[in-house]
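Please read the structure below before turning to the comments.
The analysis underlying the following values was restricted to heavy atoms, covering all of them including side chains, and did not include hydrogens, waters or symmetry mates. One-based numbering, in listed order, for ligands and for the atoms of each.
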Amino acid sequence: MSAVEQWQDVRSRIEATERETRRQRGSVELVAVSKTYDAEAIRPVLEAGQRIFGENRVQEAQGKWPALKADYPDLELRLIGPLQSNKAADAVALFDVIETVDREKIARELAKEMKKQGRTPRLYVQVNTGEEPQKAGIAPREAGAFVQHCRDALGLSIEGLMCIPPAEENPGPHFALLAKIAAEAGVGRLSMGMSGDYETAIAFGATSVRVGSAIFGARPPLGRPAA
Ligand SMILES: *Cc1c(COP(=O)(O)O)cnc(C)c1O
């Protein structure tokens, strides 16, 4: 199947899951994760009507998205990978949504850059629901206070929370935990669910799902060049 056919399939599964879980129709946004795919692979999906895309590296996104944005000014680009503080300025300049605010230093840099550039990308806090040492994100018990700190001390409004559950675990409890933390912190949106578990995430309240390989096909293994 082509990427466009797979995209249509993902869209109809999202719609079916909205129905089955009594979510409002159209309440779940599809973020098409285009990391490792070049502009030529992305264009047909844009032409078919997809407008929200996710990338996990600032530099890679800078290489392919400015030209695509010029052709599709209404597209929305989301950063879903870890952000280094020396890339905060570039991220604020390019992205419409930054989903990976995961520590005080990054929040401070983003606040500074947003003021300087007069741009206000919408922000999500990444929560490390599995408390995995190798994974980015705020610990679940600290997430509420961190959201509050971003609001009160830095003047940043946090639109949502994002998580990536541990690969080998049942994701349901992680999605439930993220939803609970968001409700307690007064945060309205939940970015959770990927190719393998987006239907489960919708059942647990996801407002956006990040789907890559189910649309664009399998990526080359990590550490190998994206041919
Ligand atoms: C790559 C990536 C995805 C998409 O993963 P698939 O399994 O290919 O759908 C989602 N979220 C993040 C943070 C990613 O880095």
Pairing of Glu131 and Arg141 as salt bridge, 4.0 angstrom limit: yes

Electrostatic pair Glu15:Arg11 at N-O distance under 4.0 angstrom: no

Is Met194 close to ligand 1, meaning an N/O of one under 3.5 Å from an N/O of the other? no

Is it true that Lys135 and Glu132 make a salt bridge, defined as a side-chain N closer than 4.0 Å to a carboxylate O? yes

Out of Lys35, Gln126, Arg210, whose heavy atom is nearest to atom 2 (C) of ligand 1? Lys35

Nearest non-hydrogen atom to atom 4 (C) of ligand 1 belongs to which of Pro82, Gly212, Ser195? Gly212

Please check this pair: side chain of Ser2 against backbone of Glu5, looking for a donor-acceptor N/O pair closer than 3.5 Å. yes

Could you state whether Tyr72 and Ile42 fall into the same hydrophobic cluster, counting links through intermediate Ile, Leu, Val, Met, Phe, Trp or Tyr residues with side-chain heavy atoms under 4.5 angstrom apart? yes

Of all the atoms in ligand 1, which lie at a distance below 4.0 Å from a heavy atom belonging to Val211? 9 (O)

Those atoms of ligand 1 less than 4.0 Å from some heavy atom in Ile164: 13 (C)

Out of curiosity, does Leu123 fall in the hydrophobic cluster containing Val97 (side-chain heavy atoms, cut-off under 4.5 Å, transitive links)? no

Name the closest protein heavy atom to atom 13 (C) of ligand 1, giving the residue it belongs to and the distance to 0.1 Å. Ile80 O, 3.3 Å

With a 4.0 Å cut-off on heavy atoms, does Glu99 reach ligand 1? no

